[in-house]
Amino acid sequence: MTYFSYFKAEFLVLLRRKQDVINALLFFITVIVLFPLGVSPSPIFLAPAAGGIIWCALVLAILMAIESMFKEDYNDGSLEQLVVSGLSLPLLVLLKILVLWSVIVIPLLLMLPLLSAMLYLPEGSFWVLVATLLVGSPSLFLIGAIGSALTVSLKQGAMLMLLVILPFYLPVVVFATGAIKAAQEGLPYSGLLAMLLAISLLSLVLSPVMTAISVKASVN
Amino acid sequence: MTYFSYFKAEFLVLLRRKQDVINALLFFITVIVLFPLGVSPSPIFLAPAAGGIIWCALVLAILMAIESMFKEDYNDGSLEQLVVSGLSLPLLVLLKILVLWSVIVIPLLLMLPLLSAMLYLPEGSFWVLVATLLVGSPSLFLIGAIGSALTVSLKQGAMLMLLVILPFYLPVVVFATGAIKAAQEGLPYSGLLAMLLAISLLSLVLSPVMTAISVKASVN
Amino acid sequence: MQSIVSLTISDLWIERGDRDLCKGLFFELKSGQVMRVLGENGAGKSSLLKVIAGVIAPLEGQIQYAGQDVTHDRKILQQDAIYIGHSAGIKSVLTVEENLRRYYPSASADELEAVLDNLSILDLADTPAKKLSAGQTRRVALARLWLSKKNVWLLDEPFAALDIKGIALLESHIEQHVLAGGLVMLTTHQDLHSIQSYDLVLSP
Amino acid sequence: MQSIVSLTISDLWIERGDRDLCKGLFFELKSGQVMRVLGENGAGKSSLLKVIAGVIAPLEGQIQYAGQDVTHDRKILQQDAIYIGHSAGIKSVLTVEENLRRYYPSASADELEAVLDNLSILDLADTPAKKLSAGQTRRVALARLWLSKKNVWLLDEPFAALDIKGIALLESHIEQHVLAGGLVMLTTHQDLHSIQSYDLVLSP
Amino acid sequence: MSWAWFHKLGSPRWFFLWTKSWALPLFCLGMVCLLLGLVWGLAFAPTDYQQGNSYRIIYIHVPAALLAQSCYLSLGIAGFVFLVWRMKMAPIFINAVAPIGAVMALMALVSGAIWGKPTWGTWWVWDARLTSVLVLFLLYMGIIAIQNTLEDIVLADKAAALISVLGLINLPIIKYSVEWWNTLHQAATFTLTEKPAMPVEMWMPLLISVIGLYLVVAGLALWRMQSYILEREHRASWVKQEVVGDGL
Amino acid sequence: MAFDSLADFFTMGTHGLYVWSTYGFSLSALLILILNTLGKRRKIRDQLCKRFLRDQNA
Ligand code: HEM
Ligand SMILES: Nc1ncnc2c1ncn2[C@@H]1O[C@H](COP(=O)(O)OP(=O)(O)OP(=O)(O)O)[C@@H](O)[C@H]1O
Ligand SMILES: Nc1ncnc2c1ncn2[C@@H]1O[C@H](COP(=O)(O)OP(=O)(O)OP(=O)(O)O)[C@@H](O)[C@H]1O
Ligand SMILES: [Mg+2]
Ligand SMILES: [Mg+2]
């Protein structure tokens with residue numbers, strides 16, 4: 001196995017399951033539909049909440065996608081093979097996260113104009129929302145991967161994983177929605193974006209190593 | 001295998017994994033916390049939205065719990081064994097749903113006073129919220145089971161399941177939050193509760209049979 | 001256990017993923033007989049057992065058991081049969097004992113103990129199944145054959161992962177079962193040492 | 001392939017779930033040798049292979065490969081070894097060919113075709129792995145032995161699920177490999193027909 | 001009345017041969033009607049005194065909305081027929097019509113949303129009519145996803161039939177949402193009991209494009225069904241004749 | 001014709017953008033559907049043809 005052949009196969013697996021990617025999108029949409037229906041459909045409620053709702057939906061969609069990230073690899077023995085492959089495990093893990101991120105987030109961004117219109121997001125803050133997504137979402141994937149690897153050997157690890165990683169998701173959500181709110185109120189928001197970027201970079205450094213450790217601990 | 005031994009083993013499996021149950025609760029709490037953090041912490045905003053937020057969190061928590069309901073049984077061959085057991089499959093399925101419901105919803109109800117206080121839910125509508133939960137949540141489990149059985153043979157069926165069952169969850173959410181809102185505004189809400197009851201009863205009749213069909217079609 | 005029963009398969013046509021695995025298959029299995037299904041990898045042995053157990057449906061053909069047509073409703077056969085496939089329905093979080101109690105709630109403690117002892121997994125009775133080795137897991141699955149009073153056994157590679165003692169144990173148990181009037185259908189790639197069997201060869 | 005290499009295990013102590021599987025284990029395996037690990041179900045055969053491959057860590061002991069201590073950093077060994085366990089890392093949604101390309105991106109089309117043909121799974125090259133029978137899946141996993149140029153083979157029950165032809169094929173391939181200077185360590189409960197092997201017996 | 005036709009309908013072969021030559025004429029006739037209706041509506045119908053020219057969206061919006069519902073109704077019926085009588089044609093029909101229905105629902109949604117901007121001042125409101133059409137779209141997507149994701153045909157057929165039947169509840173909600181809840185949305189123009197309130201020059205092109213779209217959809221549905229019949233019945237000898245006969 | 005000039009027809013008062021984008025979107029969606037239908041028909045026939053010919057030769 002080489003890094004490139006691994007990358008290609010990962011991509012292929014996801015393409016073979018393109019329905020799953022589409023479904024991730026549809027889940028995102030459905031959560032967004034749930035809120036106006038369940039809480040309140042009026043623009044007075046929705047417009048200020050739009051950024052928050054979109055971010056909540058994003059977090060949930062990413063959680064769903066990432067929860068089973070290593071599950072199949074674990075069950076079919078691929079994870080064991082990665083460990084004994086002699087390649088650098090952190091790098092392999094990073095590649096996997098990269099593939100997943102691009103396959104989930106890019107289509108999500110494409111849907112965004114529509115969804116933010118449905119939630120009456122003020123026009124001006126749309127680009128801030130996009131910026132927070134681009135800068136913030138990598139950290140969600142990177143942090144999530146650690147939890148996913150930790151819990152992969154548990155048969156129903158989904159819940160435990162949530163518990164482990166959600167505390168780390170909260171600051172990302174708070175900064176991101178904070179930036180959007182600041183933009184809506186005409187306040188400066190670049191500081192918050194910088195914070196998001198910092199979190200993403202930090203997790204970029206830490207996550208692959210920690211995920212690799214968790215993977216190793218899981219396959220025994 | 002008898003119905004009772006099956007029931008007992010199901011219970012045991014869930015008890016053995018009490019962490020999962022606790023995690024379902026924690027997920028519920030986290031979604032509820034995410035909302036004030038991501039959107040707005042002020043009572044003016046939260047009080048009218050409280051019922052809706054709790055119901056959205058409930059739907060998501062149930063979805064997470066129910067998604068993998070049959071997965072392990074499928075992987076370890078138990079599902080196959082149920083099909084060839086000579087017992088009535090719809091009944092077995094119903095028992096399984098019952099166990100899951102009681103294990104998830106009862107602790108949830110116990111948490112409710114705290115959470116509704118955190119979201120400033122008006123006192124008067126608390127009991128209406130409890131009533132909607134009791135009457136509405138069985139239908140969520142029953143409908144969810146169909147989707148879960150349908151997608152069990154897919155390695156990553158979660159998303160498909162969501163897509164298929166969420167449209168059916170929406171009316172439940174709309175009626176339930178409608179009832180809570182009506183109660184908050186002092187309007188009559190018993191009609192909406194009756195609707196919820198009707199949906200639950202209807203799904204009680206339909207779901208076991210349909211889930212059994214899906215299970216049978218999945219194990220081949 | 002009934003005195004003489006028979007399982008009759010006629011004109012069976014199994015298709016999987018666009019390939020015909022068998023067409024016009026006919027055989028009859030009577031009390032006291034062991035049928036060994038042979039064939040190369042991918043010939044359709046496992047599929048045949050699954051069809052008979054009622055896990056998957058055949059394209060055409062009849063299945064009769066004890067004189068009754070069970071093609072469409074496999075219940076009569078299922079209540080009298082035990083099917084153990086590649087993955088045998090052992091729940092990994094339950095202990096060995098709990099797993100067996102799940103299938104046989106009415107087995108007495110002594111009986112259970114005797115069977116586990118016989119299979120040399122008595123000291124694992126309280127170990128969760130996920131901590132077992134491959135052969136130990138298979139022994140747990142096979143313990144059902146000692147506990148059940150079913151007539152028809154459908155076993156897909158039952159000897160896989162068993163050590164030599166385990167194989168001998170299972171073979172002698174199968175022999176006893178057919179002597180007592182049972183029917184056994186099994187697949188395997190290994191030679192049987194002591195069992196007299198009829199062979200059904202599937203060719204792809 | 002290096003001319004003469006050896007794998008030396010000394011003083012190995014493996015513990016699993018509070019039970020000692022082996023303690024003070026010592027052996028040396030040289031180029032051209034096959035070692036068969038024997039033992040009852042649950043003796044610790046699979047665990048031993050996993051420890052050597054670097055999937056799980058031993059409690060104590062040294063592992064040396066080609067004169068170097070690899071106990072703490074298994075990389076040198078891993079780059080020269082191939083480990084095939086019970087579940088062998090075959091992705092069920094990828095086709096047979098894609099699965100192999102995942103491990104051997106540089107294999108030429110001809111080479112791949114020859115290997116698949118040799119294992120009689122050439123016509124399944126474009127079938128997703130989840131639609132394969134047990135034996136076919138194993139053949140896909142074993143195809144890696146034909147494609148790789150690795151020295152050390154660690155095989156956990158490689159003959160499981162294979163039919164008779166498949167077993168003969170694998171045995172002769174193992175023989176060739178050791179003739180060419182390879183090292184093989186395998187577990188099995190079946191008898192080997194043509195391979196000359198050293199036996200290591202684990203007792204629980 | 002004899003039930004022979006019902007059983008015949010259930011036979012893919014009979015259906016294929018019977019409808020083989022229908023698809024093209026239906027489709028062409030439909031296209032002509034549709035284009036006639038649309039051009040008439042776009043260029044020749046009088047301007048609305050209230051909404052100005054934006055009302056011309058109606059000539060797309062209403063046909064698409066009607067078709068989206070009709071397609072789903074037929075899916076529901078087919079699903080029921082399949083679950084009860086296991087008629088072989090029913091899943092073929094569901095497979096064929098679901099994507100068409102999805103496109104119709106999407107057209108209704110998009111045209112409605114665009115129309116909403118000049119008339120209501122917003123693209124989207126969360127009222128019952130609009131939401132239930134969105135749910136209709138999601139249901140279609142669910143059925144399509146089932147067919148694409150579940151590889152086992154037996155399972156996929158049953159699942160799609162189930163969802164089709166269960167989703168029928170949504171139709172009365174769409175239909176009566178404008179009467180049960182007060183919304184921004186218009187009530188029905190065409191009813192069986194009353195004359196439309198619009199002038200003839202306005203509703204005539206509408207009627208024509210509705211009929212046209214119905215015919216186009218019928219033609220497309222037949223084509224799709226024929227393809228699926230060939231795919232599923234490839235074992236039968238008549239399919240071989242059919243394909244090799246005019247395929248080469 | 002309800003419009004005085006061609007330019008009028010294209011601008012539709014102030015609503016040209018709305019009307020034309022609707023028509024554009026809908027007709028292209030319909031077109032995609034039609035192409036998909038015909039493409040599917042073609043693909044399935046080709047596949048079956050190939051298979052039957054292969055079977056014949058084999
Ligand atoms: C996304 C937004 C919209 C959706 C989903 C939608 C949906 C529908 C549906 C389902 C129908 C068919 C009703 C029936 O079967 O009786 C319909 C009809 C109609 N809609 Fe909309 N609509 C939307 C926006 C609008 C807007 C903005 C207008 C204009 C102000 C409008 C005007 C009409 C009219 C005039 C009819 C014809 C009523 C009839 O003849 O039955 N719609 N719409
Ligand atoms: N994941 C685990 N956690 C704890 N203990 C385990 C685990 N897996 C196996 N064991 C225990 O370790 C011992 C050795 O297991 P191992 O799988 O190595 O046996 P084995 O010799 O390969 O047996 P078999 O012939 O059945 O394959 C067994 O007693 C088993 O109970
Ligand atoms: N889920 C499936 N979907 C489609 N085809 C399948 C599926 N499972 C098996 N097959 C195909 O059916 C054929 C028979 O498989 P089966 O598992 O019955 O073989 P087997 O005789 O048990 O082989 P083995 O000796 O390898 O266990 C194989 O060619 C296989 O490719
Ligand atoms: Mg098999
Ligand atoms: Mg082992």
Side-chain angles (χ1 to χ4, degrees), chain C residues 16-19 21 37-50 85-87 96 119-124 126-142 156-157 159-170 187-191 193 201-204, chain D residues 16-19 21 37-50 85-87 96 119-124 126-142 156-157 159-170 187-191 193 201-204:
Chain C
R16 248 183 147 185
D18 264 1
R19 279 191 47 216
L21 298 181
V37 187
L38 292 178
E40 295 183 356
N41 287 143
K45 303 178 292 299
S46 304
S47 306
L48 176 61
L49 287 194
K50 283 191 186 191
H86 284 275
S87 42
V96 171
L119 285 161
S120 11
I121 44 175
L122 183 55
D123 53 334
L124 300 171
D126 294 328
T127 311
K130 72 173 150 199
K131 295 201 171 161
L132 300 181
S133 79
Q136 288 165 342
T137 313
R138 180 134 295 259
R139 280 163 190 256
V140 177
L142 292 173
D156 197 0
E157 306 207 21
F159 302 110
L162 286 186
D163 59 15
I164 299 163
K165 275 194 227 162
I167 294 177
L169 192 71
L170 180 58
T187 72
T188 178
H189 294 294
Q190 283 159 268
D191 291 329
H193 297 287
V201 181
L202 296 180
S203 51
Chain D
R16 246 187 149 184
D18 270 356
R19 278 189 49 214
L21 298 181
V37 187
L38 292 178
E40 294 184 356
N41 288 141
K45 304 179 291 299
S46 304
S47 306
L48 176 60
L49 286 195
K50 284 191 186 189
H86 283 274
S87 42
V96 170
L119 286 161
S120 7
I121 43 174
L122 183 56
D123 54 333
L124 299 171
D126 294 326
T127 311
K130 72 172 149 203
K131 294 201 173 162
L132 300 180
S133 78
Q136 288 165 342
T137 313
R138 181 134 292 260
R139 279 163 190 256
V140 177
L142 292 173
D156 197 0
E157 306 207 22
F159 302 109
L162 287 185
D163 59 15
I164 299 162
K165 274 194 226 160
I167 294 177
L169 193 70
L170 179 58
T187 74
T188 178
H189 294 295
Q190 282 160 270
D191 291 328
H193 296 287
V201 181
L202 298 179
S203 50

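Because the structure is a prediction, the values reported are computed rather than measured.
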Contact origin within K165(D) toward chain C - heavy atom pairs under 4.5 Å: side chain

Which portion of L162(D) sits near chain C, non-hydrogen atoms under 4.5 angstrom: both

Value rounded to 0.5 Å, distance of NE2 in H189(D) from CD in Q190(C): 9.5 Å

Most chain C-contacting option - heavy-atom pairs closer than 4.5 Å, from S47(D), G44(D), A161(D): A161(D)

S120(C): partners by side chain to side chain donor-acceptor pair (under 3.5 Å), with sequence neighbours left out: R139(C)

Distance (rounded to the nearest 0.5 Å) between H86(D) NE2 and S133(C) OG: 7.5 Å

Side chain / backbone / both / neither for E157(D) at chain C, heavy atoms under 4.5 Å: side chain

Whether N41(D) side chain and G166(C) backbone form a donor-acceptor pair below 3.5 Å: no

Residue, of Q136(C), K45(C), R138(C), that accumulates the most heavy atom pairs under 4.5 Å with chain D: Q136(C)

